[in-house]
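These notes are about the structure you will find just below.
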Amino acid sequence: WYAALEEFCRPIMLRSRLIPVLLLRGKSFVKTVNFKRFSYIGDPCNTVRIFNELEVDEISILDIMATRLNQEPNYDLISDIASEAFMPLSYGGGIKTINHAKKIFDLGIEKIILNSEAINRPELISEISGIYGSQAVTVSIDVKQSFFSQKQKIYTKCGTQSTNLELVEWALKCQSMGAGEIMLNAIDRDGTWSGYDISLFRNLSLQLSIPLIGIGGAKNIDSARDLIINTQCSAAGVGSMVVFQKEGHGVLINYPEPSVINAKLHNKFDED
């Protein structure tokens with residue numbers, strides 16, 4: 001009986017997500033490499049319309065300049081994007097207060113993403129989750145390997161400012177403060193098409209009791225499958241592979257067919 005129940009529940013428990021992570025710079029979507037040089041991708045509303053047609057389940061939008069410029073979120077643009085989206089949206093960038101978060105939620109965004117301000121004021125995680133629930137709060141952590149050791153160093157302000165935080169310790173604190181999900185960005189892999197740093201994501205995912213999204217290095221659906229199969233990550237964040245034709249080629253908004261995602265990610269145990 002227990003074996004039958006486990007078999008029934010397993011596909012539900014392990015259903016994984018493939019999430020386009022789109023970077024907002026001003027009023028345009030861009031794609032970075034190692035959080036530095038960037039390429040223009042397109043108008044946000046038009047891009048979201050295309051993802052609607054491609055039946056994307058969820059999108060994360062990160063404003064990579066708002067915090068660095070000490071600006072609030074661009075509420076008008078977020079409203080325009082949300083009005084075009086048929087899928088759940090999460091948004092991060094420039095959120096520093098509970099009032100900022102309220103404005104974002106009121107525009108129809110399902111989740112807010114905290115990064116730099118969570119480090120500056122961790123109690124903001126609890127303030128927002130206490131009102132909207134932990135499922136509505138994701139904490140994003142940007143890491144890069146230290147020159148002097150094998151440890152991953154945490155950065156803020158879109159990878160421009162280093163901290164003294166230890167990765168596992170900080171992620172566990174975010175979890176205890178009420179975060180419902182952690183988004184881990186590998187700066188060294190960002191935009192490189194080199195595949196995910198499996199050991200990085202595995203090591204953190206084994207420490208957490210909340211979902212972990214891995215981002216950085218995805219080159220195709222098989223690299224996303226490798227992440228899901230070989231770690232406890234619940235989702236693979238993807239960037240370059242869904243906004244470019246392929247490595248070294250031009251912009252083309254794309255997304256794997258639902259049948260391919262289902263075969264590669266959701267039915268992964270049937271293939272093994």
Side-chain angles (χ1 to χ4, degrees), residues 16-23 31-38 60 62-64 67-68 90 92-93 95 113-122 124-125 137-219 223-241:
S16 306
R17 296 169 289 157
L18 188 72
I19 305 173
V21 180
L22 306 176
L23 307 179
K31 184 67 194 80
T32 56
V33 178
N34 303 134
F35 279 36
K36 295 179 181 177
R37 63 184 187 274
F38 63 89
S60 292
L62 302 175
D63 188 325
I64 62 175
T67 297
R68 292 177 64 180
S90 56
I95 301 170
I113 302 170
L114 301 175
N115 188 313
S116 298
E117 197 59 26
I119 293 173
N120 295 336
R121 195 164 69 86
L124 182 60
I125 302 171
V137 182
T138 298
V139 173
S140 175
I141 304 174
D142 302 329
V143 296
K144 181 165 60 175
Q145 187 168 310
S146 169
F147 280 122
F148 306 106
S149 71
Q150 293 300 308
K151 290 186 176 182
Q152 295 288 337
K153 198 171 185 63
I154 294 177
Y155 283 74
T156 66
K157 297 186 177 179
C158 198
T160 61
Q161 184 173 311
S162 64
T163 74
N164 293 319
L165 296 171
E166 194 277 324
L167 176 57
V168 173
E169 182 180 305
W170 171 236
L172 289 174
K173 180 173 182 177
C174 293
Q175 176 178 284
S176 69
M177 295 292 286
E181 191 170 55
I182 299 293
M183 175 184 284
L184 181 60
N185 298 270
I187 297 174
D188 295 315
R189 301 290 181 108
D190 173 58
T192 64
W193 301 81
S194 57
Y196 295 94
D197 184 342
I198 298 299
S199 62
L200 168 66
F201 296 111
R202 181 193 295 119
N203 291 341
L204 181 57
S205 65
L206 292 174
Q207 303 295 322
L208 297 172
S209 59
I210 58 176
L212 177 65
I213 303 171
I215 307 175
K219 54 186 175 180
S223 62
R225 172 186 163 85
D226 287 343
L227 176 74
I228 298 301
I229 289 287
N230 294 304
T231 75
Q232 297 294 320
C233 284
S234 67
V238 292
S240 294
M241 68 169 269

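The heavy-atom pair separating S194 from T192 by the smallest distance is OG-OG1, 2.6 Å. Taking all atoms of both residues into account, the shortest heavy-atom contact from R189 to G195 is NH1-O, 2.6 Å. A pairwise comparison of heavy atoms in V21 and G237 identifies CG2-CA, 4.0 Å as the closest pair. Closest approach of A171 and L204 over heavy atoms only: CB-CD1, 3.7 Å. For the residue pair S90 and S60, the shortest heavy atom distance occurs at OG-OG, 2.6 Å. Minimum interatomic distance between G180 and P211 (heavy atoms only, all atoms of both residues): O-CD, 3.2 Å.
Looking at heavy atoms from C-beta onward, M241 lies in side-chain contact with W193 at the 4.5 angstrom threshold. Side-chain contact between L212 and Q232: absent, with no pair of heavy atoms (C-beta onward) separated by less than 4.5 Å. At least one side-chain heavy atom of L184 sits less than 4.5 Å from a side-chain heavy atom of F201. When side chains are defined from C-beta on, T32 does not count as touching K36, because their heavy atoms never get closer than 4.5 Å. With a 4.5 Å cut-off on side-chain heavy atoms, I213 and E181 count as touching. Between F35 and I64, the closest side-chain pair of non-hydrogen atoms is not below 4.5 Å.
Here N203 contributes atom CG and L208 contributes atom CG; the two are 11.0 Å apart, rounded to the nearest 0.5 Å. With values rounded to the nearest 0.5 angstrom, L167 atom CG is found 12.5 Å from K153 atom NZ. Atom CG of L18 and atom CD1 of I228 lie 8.5 Å apart (nearest 0.5 Å). Taken from CD in E166 to CD1 in I154, the straight-line distance is 7.0 Å, to the nearest 0.5 Å. I187 contributes atom CD1, which lies 12.5 Å from atom CG of D197 (distance to the nearest 0.5 angstrom). Distance check, rounded to the nearest 0.5 Å: CG of D142 to SG of C158 gives 7.0 Å.
Between the side chain of Q145 and the main chain of Q152, no donor-acceptor pair closer than 3.5 Å is present.
Side chains of D190 and N185: a donor-acceptor N/O pair is absent below 3.5 angstrom, by distance only. In this structure, a donor-acceptor pair under 3.5 Å is present between the side chains of S209 and Q175.
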